[in-house]
Amino acid sequence: MLTDYHWHLRTDEDRSRSEDFAFTRENVDRYLVAAEEVGVEELGCSEHIYQFHQALDLWRNPYWERQARDDLDAYCEFVRTTPLRLGLEVDYVPGAEDRTASLLEERDLDYVLGSVHFVGDRAVDMEGEYDIWQADGDPDSVWRRYFQLLAEAARSGLFDVLAHPDLVKKWGPLRPLPERDPRFYYEPAVEAIAESGITVEVSTAGLRKPVGEIYPAPDLARMCAEAGARFSLSSDAHVPGEIGYGYERAVEEMRAWGIDEIAVFDRRTRSLEALG
Ligand SMILES: [Zn+2]
Ligand SMILES: [Zn+2]
């Protein structure tokens with residue numbers, strides 16, 4: 001079994017089209033065709049929560065206010081008319097756990113990806129006005145806070161999957177890196193992953209980013225595997241050609257980390273299938 005549970009129908013490019021193309025059967029079919037070509041059997045889309053106006057009940061950051069244009073219920077209804085699994089990529093917003101829980105419980109989702117993009121009001125993966133590295137150049141502080149939030153996200157019980165678990169490394173050598181052994185930062189997150197039983201996402205998106213490495217890094221993946229974690233597999237595609245991106249390499253690396261099963265989701269229930 002190969003899955004792709006983390007990718008987006010709504011893209012930046014799509015925003016500039018005059019007609020609304022994202023949530024149309026024509027758009028979905030492009031992804032279904034691409035998945036079939038690369039042998040990905042199980043496909044689910046996971047739009048960003050902040051694209052929906054309902055997200056503003058959770059957090060009112062200026063970036064979210066600009067993005068929040070779609071209706072979450074219309075999205076859910078649309079995806080249910082297609083063969084796709086219904087997912088959502090949801091930021092962990094500290095302090096908004098109860099509001100996040102009710103927003104998710106009210107919808108009939110197959111799975112929820114939990115993400116940490118923002119540390120405070122700046123993001124680890126964005127350039128420009130929200131770039132955390134412009135505001136706080138101290139890698140020790142950024143990495144420590146990032147992995148603490150990741151641990152809190154795991155323990156919150158809000159999410160089925162922890163998305164791109166070491167996203168903080170995205171820029172590779174283009175941003176300062178901490179001097180310590182990264183395992184120091186991973187430790188609290190791995191403990192939380194083990195205690196919560198949350199699924200850890202293996203994401204090939206890192207291969208397309210300056211870091212040039214799958215999320216999670218081999219050391220983090222091995223620590224999670226040793227702690228008994230389960231894994232899912234995704235590409236974080238933003239165009240059909242990225243579905244199943246780098247999967248040969250991902251499957252090879254996963255086997256080297258001791259992983260031979262991947263998670264599949266149905267109405268927020270996980271089961272395991274043989275990998276590959
Ligand atoms: Zn993300
Ligand atoms: Zn994503």
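In what follows, every heavy atom counts, from backbone to side chain, and hydrogens, waters and symmetry copies are set aside. Just follow the structure's listing: the first ligand is 1, and inside any ligand the first atom is 1.
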Requested in this report: Verify the ring-centre separation between Trp257 and Phe231: is it less than 6.0 angstrom?
Outcome: no
key: the Zn ion (ligand 1) to nearest N/O/S of His164 less than 2.8 Å   =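 Checking the Zn ion (ligand 1) against His164, an N, O or S atom does fall under 2.8 Å.
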- Assess His48: does it contribute an N, O or S atom lying under 2.8 Å from the Zn ion (ligand 1)? no
Looking at Asp236, the N, O or S atom sitting nearest the Zn ion (ligand 2) is OD1
What does the angle at the Zn ion (ligand 2) come to, between atom NE2 of His6 and atom OE1 of Glu89, rounded to 10°?
->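 Vertex the Zn ion (ligand 2), arms to NE2 of His6 and OE1 of Glu89: 80°.
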Are Gln67 and His48 close enough that a side-chain donor and a side-chain acceptor fall under 3.5 Å?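 Checked: Gln67/His48 side chains show no N/O donor-acceptor pair below 3.5 Å.
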Distance alone, cut at 3.5 Å: any donor-acceptor contact between the side chains of Tyr185 and Gln148? no
Heavy-atom closest pair (Ala153 atom, Phe159 atom, distance to 0.1 Å) is O-CD1, 3.5 Å
